[in-house]
Structures are given as C-alpha cells and as structure tokens.
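No hydrogens, no waters, no symmetry mates; every other heavy atom, side chains included, goes into these values. Letters A, B, ... mirror the listed sequences (proteins, then strands); counts begin at 1. Keep in mind that this is a model prediction, so the values were computed, not measured.
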Amino acid sequence: MSSPSRPHIYVDVPAFPHGHLSPYSAEEHLKTLYGFPSMPEYLSRFDMLVSEDTAWIMRKTETFTSMDRDVELRQCKEAGQDSVIDSTAGHRAQCVGLSGQTDMEDRCLEQVQSLVLDEVLKDIETACKLLNITPDPTEWSSGHAQKWLLWTEHLYRLPQVGKAFQHLSGSDLCVMSEEEFRQRCSPCGDVLFAHLDIWKTAAWMKDRCSPENNTFIGAGTDELCAEADSSCSGQPIHLWQFLRELLLKPHNYGRSIRWLNKEKGIFKIEDSAHVAKLWGIRKNRPAMNYDKLSRSIRQYYKKGIIKKPDVSQRLVYQFVHPV
DNA sequence: AATGAGGACTTAC
DNA sequence: GTAAGTCCTCATT
C-alpha cells in the first residue's frame with residue numbers, strides 16, 4: 001500500500017487493483033519526476049478530442065490534488081462508493097447538491113479516463129516492443145527486471161541505481177512496498193515504484209479483461225483490453241525499427257529523437273548518447289555508444305533503408321521509404 | 001570534440 | 001548468411 005505522504009491525483013483506471021491508488025502523482029511530486037507522464041501531460045494529448053471535458057477534468061484534478069487522500073477516501077465511503085472509480089467517487093462527494101449535472105460529468109470523466117488508460121496501455125505496449133519484455137512485470141526474470149530498471153532510469157533521467165535491485169525478478173519487485181523501494185534507492189525509489197505501479201495496474205487490467213471474467217466490464221473497456229492484449233512478442237528488432245518506434249512516441253522519446261519531416265521520413269537524433277544507451281539496453285550491449293550505432297545506421301545506406309537527407313545535417317537521417 | 005564515411009574483422013542468431 | 005558490434009583511419013563540421 002502506498003504511503004499517504006505521496007499525494008495522488010485520482011485519475012485512476014476504473015476500480016484499482018488490490019487497493020492501488022492512481023499511479024499518477026500530484027503536481028508537487030511531479031517536479032522531481034523528470035518527465036514522469038503526468039495527468040496533464042496525458043490529457044494534453046486529447047485536447048483536440050475533448051477540449052471542453054479536458055478543461056473540466058483539469059480543474060477537477062487540481063482540486064483532487066490539493067485534497068488529502070484519506071479525506072477523499074472517507075468521502076468516497078460516505079458517498080456510498082466502495083469499489084469505485086476513485087476520482088468519480090471523489091467528484092461525486094464533492095458535487096453533493098449538483099446532482100443534476102453529476103451524471104453527465106461522470107460520463108465525461110469516465111470518457112477521459114478511458115482515453116488516459118488507452119494512452120497508458122499504448123505506452124506500455126511500445127515500451128515492451130522497445131525493451132523486448134512482456135507487459136506483466138510478474139513474468140519478468142531478473143534480467144528483464146534489470147532491463148526495465150535501466151530503461152526507466154535512463155528514459156526519465158533518474159540517478160542510476162539499477163544495482164540496488166540486482167538479482168531481483170519481476171515478481172520480487174511487484175511484492176515490494178513503496179517504502180522498500182525507497183530504502184533500496186533513496187533518491188528515486190518512490191519514482192520507480194510509481195512507474196512499476198503503472199505496469200502492475202495495466203497487467204491487472206489485462207487480467208481482469210480476460211475472456212473468462214468479462215461479465216462486469218463496462219462499455220469502452222473492450223478496446224482497452226485489446227490494446228493490453230495485443231502481443232508484445234519479443235522478436236529481434238532491427239535498428240531502423242527501433243528508431244521508428246522511438247519516433248512514434250514523441251511524448252516519451254522526443255527529447256532524444258524526433259521527426260524533422262515525418263512525411264519525408266527525415267528525423268534528427270537530438271541526444272545521440274541517450275539513443276545509443278537505449279539501444280544498448282535493448283540489445284544487452286552496455287558498451288553501445290553513438291559511434292557504433294551510427295556505424296550501423298551507415299550500413300543502411302547501401303541497403304536503401306536509411307540515407308542522409310539531400311541537404312546533409314549533423315545527426316539528421318532520412319528513411320528511404322517513409323510510411 | 002563530435003560527427004561522418006567506410007574498411008575490416010568478430011559475434012550472435 | 002545476415003545484421004550488428006567493435007575498432008580504426010581519415011575527413012568534415
């Protein structure tokens with residue numbers, strides 16, 4: 001169970017598992033998270049889709065942020081919600097007296113939540129492809145767990161602490177409390193815990209959506225399950241595929257590599273050392289660097305997969321066959 | 001000092 | 001055999 005000292009935004013996924021609270025931490029905590037995907041960050045992806053709802057839920061989450069978790073949970077219970085969507089329940093508790101609008105607002109909230117969950121699952125799916133691991137952390141070997149730790153600490157530019165968790169399997173990590181994470185790694189244990197919490201939750205969702213017990217799945221969840229279910233099968237990946245996957249997720253990897261012209265397939269490696277490090281983690285090559293990675297890219301010239309753009313620029317390459 | 005082009009050899013699958 | 005990884009030289013930015 002999470003420590004109450006970490007405030008949470010209740011953007012959670014419908015009915016959280018084993019008492020999990022939303023993995024999304026509150027604003028003040030986010031300041032220390034170096035790119036940890038915040039609720040506003042996820043929401044900003046839906047601005048075009050649901051701008052009004054987004055504006056509304058943004059205000060709501062700000063309110064929740066400032067609320068004490070225990071108070072909110074108490075309010076939930078008083079409002080007669082127990083195994084509930086926390087934020088909705090909290091919202092209900094807050095909106096006593098506004099019952100006329102509540103149902104509609106709840107639907108908006110659930111809609112946005114489901115979009116957020118969708119994004120989370122897509123992010124995990126991508127990470128699985130990039131890392132060559134399964135979505136369910138409990139299935140990870142110590143090697144997989146180590147890979148995930150390394151990846152996470154590089155991606156979010158955390159202090160390097162992988163060694164603190166050496167020889168632990170995924171299930172070992174999953175049974176550890178936030179406090180144990182902190183003890184093993186004082187600077188960022190709670191951040192790692194929060195990230196793992198997202199994965200645990202997603203895996204739990206997937207399990208919950210399995211065909212045998214799909215009776216109480218609400219509408220809209222089906223596609224989310226499909227997302228979670230889609231195989232993150234671990235096959236050898238080519239460097240150019242790896243780069244493409246990174247480019248598909250500007251939100252997560254845009255600081256390292258981004259499109260200059262997506263239509264023409266022109267991209268720029270913004271942080272060569274970082275991209276090389278990520279590639280090295282994927283391939284289990286700790287000594288990988290940009291020198292070697294770029295040599296591999298150059299091999300693509302002859303194969304007609306990647307070339308230098310017509311106007312050659314440093315760290316800029318072009319896919320010969322943009323999709 | 002970092003990046004870029006390629007040769008030559010090795011390694012992993 | 002293929003796709004990279006490693007190492008290296010020399011050129012360019």
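Here Leu315(A) lies in heavy-atom contact (under 4.0 Å) with sugar-phosphate atoms only. At a threshold of 4.0 angstrom between heavy atoms, the contacts of Ser312(A) with the nucleic acid are absent. The residue Phe242(A) sits apart from the nucleic acid: no heavy atom pair falls under 4.0 Å.
Protein atom CD1 of Ile237(A) is 17 Å distant from nucleotide atom C1' of dT2(C), rounded to whole Å. The separation between Gln313(A) atom CD and dT3(B) atom C1' is 13 Å, rounded to whole Å. In this structure, His238(A) places its NE2 atom 17 Å from P of dG1(C), rounding to the nearest Å. Atom P of nucleotide dG4(B) and atom CD1 of Ile297(A) are separated by 8 Å, given to the nearest angstrom. Spacing between atom NZ of Lys303(A) and atom P of dG1(C) amounts to 14 Å, rounded to whole angstrom units. A straight line from OH of Tyr290(A) to P of dA4(C) spans 15 Å, rounded to a whole angstrom. The CD1 atom of Ile281(A) sits 14 Å away from the P atom of dG5(C) (whole-angstrom rounding). Distance OH (Tyr301(A)) to C1' (dG7(B)): 15 Å, rounded to an integer number of Å.
For dG5(C), its base never sits under 3.5 Å from the side chain of Arg285(A) at any donor and acceptor pair.
In this structure, of dA4(C), dC8(C), dT6(C), it is dA4(C) that holds the atom nearest to the side chain of Trp279(A). Nearest to the side-chain atoms of Arg295(A) among the listed nucleotides dG5(C), dG4(B), dG7(B) stands dG7(B). Of all nucleotides listed (dG4(B), dT3(B), dA4(C)), dG4(B) comes nearest to the side chain of Arg298(A). Listed nucleotides dG5(C), dT3(B), dA3(C) differ in distance to Lys292(A); the shortest reach to its side chain belongs to dG5(C).
Taking a cutoff of 4.0 Å between a charged side-chain nitrogen and a carboxylate oxygen, Glu125(A) and Lys122(A) do not qualify as a salt bridge. Look at Arg255(A) and Asp271(A) and you find no salt bridge, because none of the NZ, NE, NH1 or NH2 atoms lies under 4.0 Å from a carboxylate O.
In this pair, Trp151(A) and Phe242(A) present their aromatic rings perpendicular. The plane angle is above 60°, beyond the 30 to 60° band. Note: Phe165(A) and Phe181(A) have tilted aromatic rings, judged against thresholds of 30 and 60 degrees for the angle between ring planes. Classified by interplanar angle (parallel below 30°, tilted 30° to 60°, perpendicular above 60°), the ring pair Phe267(A)/Trp259(A) is perpendicular.
Side-chain contact of Ser169(A) with Asp172(A): a donor-acceptor pair under 3.5 Å is present, judged by distance alone. No side-chain donor-acceptor contact under 3.5 Å links Asp136(A) and Thr134(A).
Of the two residues near DNA chain C, Asp291(A) and Tyr300(A), the one whose nearest nucleotide lies more 5' is Tyr300(A).
Within the structure, a side-chain polar atom (N or O) of Ser272(A) is placed less than 4.0 Å from OP1 or OP2 of dT3(B). For the OP1/OP2 pair of dA4(C) and a distance below 4.0 Å, the side-chain nitrogens and oxygens of Lys283(A) include no atom meeting the criterion. Between dG5(C) and Ser296(A), a contact under 4.0 Å exists linking OP1 or OP2 to a side-chain N or O.
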Kindly give the atom pairs (protein nitrogen or oxygen, nucleotide nitrogen or oxygen) under 3.5 Å for nucleotides 10-13 of chain C.
from, atom 1, to, atom 2, distance (Å)
dT13(C), O2, Arg314(A), NH2, 3.1

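A cation-pi arrangement is found for Lys308(A) relative to Tyr317(A), the charged atom lying closer than 6.0 Å to the ring centre and inside a 45° cone about the ring normal.
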